[in-house]
Amino acid sequence: TLDTLMKFADLAMYRAKEDGRNCFRYFSKNLQDQVYARVELESEILRAIRLEEFQLFYQPRLSTNTMRIVGAEALIRWVHPEKGLIPPSSFIPMCEETGLIEHGGEWVMMTAAAQQVQWRDRGFDLNMSVNLSPRQFRNGELAQKVAACLQATGCRPDAFEFEITESIIMSKDDRVSSVIADLSALGVRLSIDDFGTGYSNLAMLQDFPVDCLKIDRSFISGLAKNRAIADMIVSLAKLMGMKIVAEGVETAEQLTWARAKGCHEFQGFFFSRPVTAEQFEQLLAAS
């Protein structure tokens, strides 16, 4: 029918746009299946938000010198009633694309801040870090929302850290500098996550009030072939007075390297995978 023809043509047109425009794409049954799957996923995400199926897990950040837990990275997980634990890679891109990431990001920020205060009241004054997506970062009201979160939860700004990606720093958006300045003025900390995978450089970071650099796990896991690059990143970061965190530490050898090079903190499966708040408290008590 004409309606079906137009619907299929629309699907091919949107795929052409997604692939960079200035091109054409044919409709296919596979394309239809992908679109239907995305529509179903978006519907499931909305249902999951309504039924509060999302949960925060926390991965410990430890001092390389004392081996004590000094912080936690809050990571969102989807606990599906039928499919079990769904990793972020399966739903975060859809949330980013549809704008649901802003609603979810506010929930993550508020929940993580409240958890930091709860642990602080129990004698565990940890640094709490959360990830900011590019879409959240472009929100003109981000600083106001962060200020409202800190006020509502009682979380100290210097105990709260936002992790942003190199792509945000490298974007040509004029708002980047002002947003980073606004966040820094609130007293919260800023770190560059997965450093080394993009096109930024340490000299450029001098233009921003960045407190921490997290070395991407690919450099840590590939020390055999990437050691020189990893060594250079650590050395330059130390010269710039940044805190250095080694991500993805999974072996004793990798921890030995991080300690020898002067990385301040590490996180990874060598100590613990991301765990629930209750399990994290058990790790705190044991340490």
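If you're wondering where the values come from, they're calculated on a predicted model, not measured in any experiment.
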Undergrad: Side-chain contact, heavy-atom cut-off 4.5 Å: D193 with I164?
TA: no
Undergrad: Can you tell me how far CD of Q144 sits from SG of C149, rounded to the nearest 0.5 angstrom?
TA: 13.5 Å
Undergrad: Only pairs at least two apart or in different chains count here, so list each salt bridge (Lys or Arg N to Asp or Glu O under 4.0 Å) that has a residue in residues 4-13.
TA: none
Undergrad: T111: which residues meet the side-chain contact (heavy atoms from CB on, under 4.5 Å) condition with it, sequence neighbours left out?
TA: L56, Y58, W107
Undergrad: Do the side chains of C95 and I45 get nearer than 4.5 Å, heavy atoms only?
TA: yes
Undergrad: Please tell me whether V117 and V188 are part of a single hydrophobic cluster in this structure, the criterion being side-chain heavy atoms less than 4.5 Å apart.
TA: no
Undergrad: Taking S221 for its side chain and R217 for its backbone only, find out whether a donor-acceptor pair lies under 3.5 Å.
TA: yes
Undergrad: Salt bridge check, E44 against K83: does any charged N sit closer than 4.0 Å to a carboxylate O?
TA: yes
Undergrad: Evaluate side-chain contact (heavy atoms from CB on, under 4.5 Å) for F137 paired with L142, printing each intermediate quantity in order.
TA: CA-CA 7 Å; F137 197 82; L142 177 61; 4.3 Å; yes
Undergrad: Any idea which heavy atoms bring V130 and A112 closest together, and the distance?
TA: CG1-CB, 3.6 Å
Undergrad: Rounded at 0.5 Å granularity, tell me how far CG in L223 sits from NZ in K261.
TA: 10.5 Å
Undergrad: Could you tell me whether R61 and E73 have a side-chain N and a carboxylate O separated by less than 4.0 Å?
TA: no
Undergrad: Measure the shortest side-chain to side-chain distance between E161 and L190 over non-hydrogen atoms and say whether it is less than 4.5 angstrom.
TA: no
Undergrad: Starting from F57, can I reach I49 by hopping between I/L/V/M/F/W/Y residues whose side chains sit under 4.5 Å apart?
TA: no
Undergrad: Among R120, Q116, R156, find the one that has a side chain to side chain contact (heavy atoms under 4.5 Å, CB included) with M128.
TA: Q116
Undergrad: Between CZ of F160 and CG of L183, what distance do you get to the nearest 0.5 Å?
TA: 11.0 Å
Undergrad: Nearest 0.5 Å, please: how far is CZ in R135 from CG in L100?
TA: 8.5 Å
Undergrad: Would you say Q279 and T276 are linked by a side-chain donor-acceptor pair, where the criterion is simply a distance under 3.5 Å?
TA: yes
Undergrad: Is the backbone of D158 close enough, under 3.5 Å, to the side chain of R189 for a donor and an acceptor to pair up by distance?
TA: yes
Undergrad: Using side-chain heavy atoms (C-beta onward) and a distance below 4.5 Å, is V70 in contact with N127?
TA: no
Undergrad: Going by distance alone, is a donor N or O of one side chain under 3.5 Å from an acceptor N or O of the other, for S218 and D216?
TA: yes
Undergrad: So does Q267 get a backbone contact from the side chain of Q59, meaning a donor-acceptor N/O pair under 3.5 Å?
TA: no
Undergrad: What salt bridge (Lys or Arg N to Asp or Glu O under 4.0 Å) pairs are there with at least one residue in residues 238-250, not counting sequence neighbours?
TA: K214-E247, K243-E265
Undergrad: If you define the side chain from C-beta out and look only at heavy atoms, does anything of L283 sit under 4.5 Å from S272?
TA: yes
Undergrad: Going by salt bridge (Lys or Arg N to Asp or Glu O under 4.0 Å), name the pairs with one or both residues in residues 23-36, residues two or more places apart or in two chains.
TA: D19-R25, K29-D33
Undergrad: Do L31 and M13 belong to the same hydrophobic cluster, where Ile, Leu, Val, Met, Phe, Trp and Tyr are linked whenever their side-chain heavy atoms lie under 4.5 Å apart, directly or via other members?
TA: no
Undergrad: Given the rule in the side-chain contact (heavy atoms from CB on, under 4.5 Å) test, do T153 and M110 qualify, once you have shown the distances and angles that lead to the verdict?
TA: CA-CA 7 Å; T153 60; M110 189 70 71; 3.5 Å; yes
Undergrad: Does a donor on one side chain and an acceptor on the other come within less than 3.5 Å for S191 and E163?
TA: no
Undergrad: Should V249 and V245 be counted in the same cluster of Ile, Leu, Val, Met, Phe, Trp and Tyr side chains packed under 4.5 Å apart?
TA: no
Undergrad: Among F27, Y14, Y26, which one satisfies ring pair (Phe, Tyr, Trp, His ring centres under 6.0 Å) with F8?
TA: F27
Undergrad: Indicate, with yes or no, if V79 and L41 share a hydrophobic cluster defined by side-chain heavy-atom contacts under 4.5 Å among Ile, Leu, Val, Met, Phe, Trp and Tyr.
TA: no
Undergrad: Test side-chain contact (heavy atoms from CB on, under 4.5 Å) on N139 and V179 and set out the steps.
TA: CA-CA 9 Å; N139 188 313; V179 171; over 6 Å; no
Undergrad: Please, which pairs that meet ring-ring contact (aromatic ring centres under 6.0 Å, His included) have at least one residue in residues 252-287, sequence neighbours excluded?
TA: W119-F280
Undergrad: Ignoring hydrogens and angles, tell me if any N or O in the side chain of T64 forms a donor-acceptor pair with the backbone of C263 under 3.5 Å.
TA: yes
Undergrad: Side chains of R68 and S63: closer than 4.5 Å at any heavy-atom pair?
TA: no
Undergrad: Taking the side chain as everything from C-beta on, heavy atoms only, tell me whether P157 gets closer than 4.5 Å to L150.
TA: yes
Undergrad: Taking the side chain as everything from C-beta on, heavy atoms only, tell me whether L75 gets closer than 4.5 Å to V108.
TA: no
Undergrad: Evaluate the side-chain contact (heavy atoms from CB on, under 4.5 Å) criterion for residues M67 and R259: first the C-alpha distance (whole Å), next the side-chain angles of each, then the deciding distance (0.1 Å), finally the verdict.
TA: CA-CA 10 Å; M67 290 298 293; R259 184 178 289 128; 3.4 Å; yes
Undergrad: Just verifying a value: how many Å separate I233 CD1 and I244 CD1, rounded to the nearest 0.5 Å?
TA: 10.0 Å
Undergrad: Determine which pairs satisfy ring-ring contact (aromatic ring centres under 6.0 Å, His included) with at least one residue from residues 62-84, sequence neighbours left out, and list them in order.
TA: F54-W78, W78-H80, W78-F91
Undergrad: Can you measure from CD1 (I168) to CD (Q136) and round to the nearest 0.5 angstrom?
TA: 8.5 Å
